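What follows is a short report on a single structure.
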Amino acid sequence: MPSTVDVQNIDALNFDVVVIGAGPGGYVAAIRCAQLGLNTACIDAWENAQGKASLGGTCLNVGCIPSKALLESSEQFYRLNHSLAAHGISVENPSIDIGKMLARKDKIVKILTGGIQQLFKANKVTLLHGRATLLADRHVEVRDQQQQVIQTLQAKQVIIAAGSAPIEIPVAKTDDQYVVDSSGALAFTEVPEHLVVIGAGVIGLELGSVWRRLGAKVTVLEALEEFLPMADRAVAREAQKQLQRLGLDILLGTKVTGSKVLGDKVTVHYDDQKGSQSMVADRVIVAVGRRPCGAGALDPSSGVKLDQHGFIEINSHWQTSAPGVYAIGDTVTGPMLAHKASEEGVAVAEILAGKPGHVNYKTIPAVLYTHPEVAWVGETEHSLAEQNIPFQTGQFAFAANGRARAMEDTSGFVKIIAHQKTDRILGVHMIGPNVSELISEAVLAMEYSASSEDLARTIHAHPTLAEVVHEAALAVDKRAIHKAN
Ligand code: FAD
Ligand code: NAD
């Protein structure tokens with residue numbers, strides 16, 4: 001922890017707002033503050049391989065964007081090998097150049113992170129590259145890699161958006177080569193023969209899919225007995241079936257007890273129902289969740305309190321325990337998602353500019369970019385039953401949709417859950433082609449408190465995948481056209 005500086009004697013630069021962190025929470029907050037006329041600085045510590053500032057945080061550098069780039073490349077390759085024959089297309093011995101695939105991913109990251117620098121310039125956000133520490137009375141100290149103080153700022157208001165980092169477990173310590181976290185798994189230079197993934201969460205399933213599609217044998221070790229417990233039960237069952245069909249060997253109720261690197265192999269020890277087991281892998285990905293990084297941006301004098309899990313404590317307006325200091329994104333509780341961080345960033349910027357800022361936590365979509373994709377918003381049947389809320393559901397399968405047939409991509413379904421009396425949509429759950437895009441219609445419907453009848457009366461273009469959402473809405477009232485109700 002850096003020592004406390006005598007804030008009375010600092011010759012500080014003054015800003016209306018200082019944002020710590022330029023991930024999807026921080027950079028969006030900074031741009032919105034500047035749009036609203038606030039003199040804004042944003043401090044970010046991220047450096048690329050060339051030692052240069054690279055904005056966008058986890059999401060752009062080692063998260064959402066590079067993972068989706070690899071999911072896209074690997075899916076194209078997989079289709080070439082497995083799905084195109086049905087279209088009458090054959091290609092002999094297709095191959096993939098992993099170096100080129102990684103270079104494409106790096107180029108996308110470079111373009112998008114550079115784009116944020118341009119946006120900062122266009123919006124007159126002052127960017128400082130370095131590590132920030134919040135001191136007392138909204139003084140912020142910025143240090144370089146050598147821990148030298150390069151600047152001190154004084155802000156009327158501060159937004160902490162310091163993000164999160166992978167959780168490490170002592171039984172599988174990462175070494176950046178054989179046992180890696182999600183960042184390492186985005187940079188394997190060759191396809192591992194046997195890849196073990198610890199954790200069947202979002203990262204484990206997405207990155208496990210990438211390397212499986214490229215030819216690795218993939219074993220996923222998950223501690224819980226239940227697969228995707230946060231998802232709708234039928235969606236989770238279908239996802240498990242489809243991922244197993246892809247070739248992911250998903251072992252539930254499996255507790256990793258240790259790992260050892262010997263030569264270029266890793267032996268992973270685990271306990272399951274049968275007792276103590278072990279398996280040998282070429283690479284191991286540890287994907288057991290992420291931990292908040294707010295503490296690293298705080299001097300004890302800042303007055304900002306953390307909860308027992310390390311999240312920054314905030315009230316319903318994202319205010320911390322220190323006056324004029326706010327916190328958003330992965331540093332505070334809630335789903336660790338880029339769009340959640342960004343919406344909180346916008347809301348706080350608007351509050352600081354004297355406007356009413358608001359985030360509707362009931363309509364934050366969750367998406368797994370596997371194949372088929374999984375997406376949902378709102379309540380599950382399970383959560384509604386727990387709250388004694390009466391509901392009815394409508395479901396429709398992609399197998400009965402013309403566009404899905406034309407795409408040769410027919411697995412999955414859409415389920416709409418509506419209140420039994422008012423018909424208000426309470427939750428929408430999807431698995432199938434492009435549902436990461438289809439979920440937006442459900443989010444919009446819920447944002448406007450729509451009923452399933454509202455969706456049922458909305459015209460959907462034909463032939464589109466969105467017709468599955470339409471038919472699911474009709475099915476709530478048992479009047480879907482293209483199935484027997
Ligand atoms: P971050 O993006 O973590 O940004 C925090 C920034 O603050 C970083 O640049 C960091 O260097 C900087 N910082 C921290 N401390 C300091 C300090 N003291 N001084 C200066 N700078 C500091 N989410 C989705 O919604 N969709 C996805 O598809 C998705 N895919 C993901 C895939 C992977 C592999 C991973 C790891 C994550 C993924 N996520 C995804 C999660 C998403 O990346 C995070 O929820 C999101 O980045 C959080 O945004 P943030 O602004 O809170 O923090
Ligand atoms: P996660 O919380 O989604 O999944 C972690 C999994 O690891 C859980 O199923 C958990 O039961 C399991 N686990 C924990 N400890 C274990 C152990 N010792 N042995 C075996 N299994 C263990 O976390 P993640 O996959 O690391 O992702 C981190 C965060 O990043 C998530 O909160 C997610 O929101 C975000 N993310 C989102 C996306 C997306 O939106 N598509 C993609 C990637 C990451």
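As the structure lists them, so they are numbered: ligands from 1, and atoms in each ligand from 1. None of these values were measured; they are calculated from a predicted model.
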Short N or O distance, G63 and ligand 1, threshold 3.5 Å exclusive: no

One finds that the ligand 2 atoms under 4.0 Å from a non-hydrogen atom of I198 are 19 (N), 20 (C)

For T58 and ligand 1, does the shortest N/O to N/O distance drop below 3.5 Å? yes

Is a salt bridge present between K68 and E72, judged by a nitrogen-to-oxygen distance below 4.0 Å? no

L224 N/O to ligand 2 N/O under 3.5 Å: no

Under 4.0 angstrom from ligand 1, any heavy atom of S183? no

Would you call the rings of Y361 and W318 parallel, tilted or perpendicular, where under 30° means parallel and over 60° means perpendicular? tilted

Quick check on contacts: which atoms of ligand 2 are under 4.0 angstrom from a heavy atom of Y369? 41 (N)

So is there a nitrogen or oxygen of L337 less than 3.5 Å from a nitrogen or oxygen in ligand 1? yes

For residues R237 and Q240, is any side-chain donor paired with an opposing acceptor at under 3.5 Å? no

For I43, take its heavy atoms, then give the atoms of ligand 1 lying under 4.0 Å from any of them. 20 (C), 21 (N)

N/O donor-acceptor pair under 3.5 Å between S321 side chain and K305 backbone: yes

I'd like to check which ligand 1 atoms, numbered from 1 as shown, lie under 4.0 Å from a non-hydrogen atom of D330. 44 (C), 45 (O), 46 (C), 48 (C), 52 (O)

Just to confirm my output: which protein heavy-atom neighbour is closest to atom 25 (O) of ligand 1, and how far is it? A338 N, 2.8 Å

Please identify which atoms of ligand 2 are closer than 4.0 Å to at least one heavy atom of R290. 28 (C), 29 (C), 30 (O)

Please list the nearest protein heavy atom to atom 12 (C) of ligand 2 with its residue and the distance rounded to 0.1 Å. E222 OE1, 3.3 Å

re atom 43 (C) of ligand 2, the protein heavy-atom contact at minimum distance is I203 CG1, 3.3 Å

Which segment of K68 sits under 4.0 Å of ligand 1 when only heavy atoms are counted: side chain

Counting N and O atoms only, with roles assigned by atom type, does the side chain of S342 sit under 3.5 Å from a partner on the main chain of P24, one being a donor and the other an acceptor? yes

For atom 20 (C) of ligand 1, grab the closest protein heavy atom and report residue, atom and distance to one decimal in Å. G130 O, 3.4 Å

Should you measure from each heavy atom of I203, which atoms of ligand 1 turn up under 4.0 Å away? 35 (C), 36 (C)

Heavy atoms from other residues, nucleotides or ligands near CD of E47 exceed 12 (cutoff 6.0 Å): yes

So does E226 pair up with R233, basic N to acidic O under 4.0 Å? yes

the protein heavy atom lying closest to atom 9 (O) of ligand 1 turns out to be D44 OD1, 2.7 Å

Using a 4.0 Å heavy-atom threshold (strictly under), name the region of V367 that reaches ligand 2: side chain, backbone, both or neither. backbone

Does N434 use its side chain to pair, donor to acceptor, with the backbone of E437 at less than 3.5 Å? no

Using a plain distance cutoff, I'd like to know if A45 has any nitrogen or oxygen under 3.5 Å from a nitrogen or oxygen of ligand 1. yes

Geometry only, no angles: is G21 polar-contacting ligand 1 at N/O separations under 3.5 Å? no

In ligand 2, the atoms that come under 4.0 Å of a heavy atom of M336 are 32 (O), 33 (C), 34 (O), 35 (C)

Considering the heavy atoms of A287, write down every atom of ligand 2 situated less than 4.0 Å from one of them. 5 (C), 6 (C), 7 (O), 26 (O)

With no hydrogens and no angle check, just 3.5 Å: does a side-chain donor-acceptor pair link E447 and T363? yes

List ligand 1 atoms under 4.0 Å from A161, heavy atoms only on the residue side. 5 (C), 6 (C), 7 (O)

At less than 4.0 angstrom from any non-hydrogen atom of S164, what atoms of ligand 1 do you find? 3 (O)

So which protein heavy atom does atom 21 (N) of ligand 2 come closest to, and at what separation? A223 N, 3.2 Å

Which residue owns the protein heavy atom closest to atom 4 (O) of ligand 1, what's the atom, and how far is it? G23 CA, 3.4 Å

closest protein heavy atom to atom 1 (P) of ligand 2 is G201 CA, 4.1 Å

So for ligand 1, is I20 a polar contact partner (N or O within less than 3.5 Å, distance only)? no

Of the listed options A287, C64, C293, A162, closest to atom 15 (N) of ligand 1 (non-hydrogen atoms): A162

What do you reckon, does E206 have a nitrogen or oxygen under 3.5 Å from a nitrogen or oxygen of ligand 1? no

Please list, in number order, the atoms of ligand 1 under 4.0 Å from a heavy atom of G57. 2 (O), 4 (O), 8 (C), 9 (O)

Nearest to atom 18 (N) of ligand 2, what protein heavy atom do you find, and at what distance? I169 CD1, 4.1 Å

Taking only non-hydrogen atoms of C59 and a 4.0 Å limit, the atoms of ligand 1 in range are 2 (O), 43 (O), 47 (O)

Give me the residue, atom name and distance of the protein heavy atom closest to atom 7 (O) of ligand 2. G199 CA, 3.3 Å

Give a yes or no on whether E168 atom CD has more than 12 heavy-atom contacts from other residues, nucleotides or ligands under 6.0 Å away. no

How far is atom 51 (O) of ligand 1 from the closest protein heavy atom, and which atom is that? G25 N, 2.8 Å

Under 4.0 Å, counting heavy atoms only: does P24 come that close to any atom of ligand 1? yes

N or O pair under 3.5 Å between M336 and ligand 1: yes

In this structure, atom 53 (O) of ligand 1 is nearest to the protein heavy atom G163 CA, 3.1 Å

For H194 and A216, indicate whether the former's side chain and the latter's backbone hold a donor-acceptor pair under 3.5 Å. no

Identity and distance of the protein heavy atom lying nearest atom 38 (C) of ligand 2: V202 CG1, 3.3 Å

Nearest protein heavy atom with distance in Å, relative to atom 2 (O) of ligand 2: G289 CA, 4.2 Å

Report the part of K255 in contact with ligand 2, treating N, CA, C, O as backbone and CB onward as side chain, heavy atoms under 4.0 Å; options are side chain, backbone, both, neither. neither

Determine whether any heavy atom of P335 lies closer than 4.0 Å to an atom of ligand 2. no

Report the nearest protein non-hydrogen atom to atom 34 (C) of ligand 1: residue, atom name, distance rounded to 0.1 Å. V62 O, 3.6 Å

Please identify which atoms of ligand 1 are closer than 4.0 Å to at least one heavy atom of A132. 17 (C), 18 (N), 19 (N), 20 (C)

For atom 16 (C) of ligand 1, closest protein heavy-atom neighbour: R131 NH1, 3.6 Å

May I ask you to list the atoms of ligand 2 that are less than 4.0 angstrom from any heavy atom of L221? 20 (C), 21 (N)

Does a salt bridge link R290 with D181, judged by any charged N lying under 4.0 Å from a carboxylate O? no

What do we get for L337 next to ligand 2 when only non-hydrogen atoms under 4.0 Å count, side chain, backbone, both or neither? side chain

Using heavy-atom distances only, which candidate in V288, T254, V220 approaches atom 16 (C) of ligand 2 most closely? V288

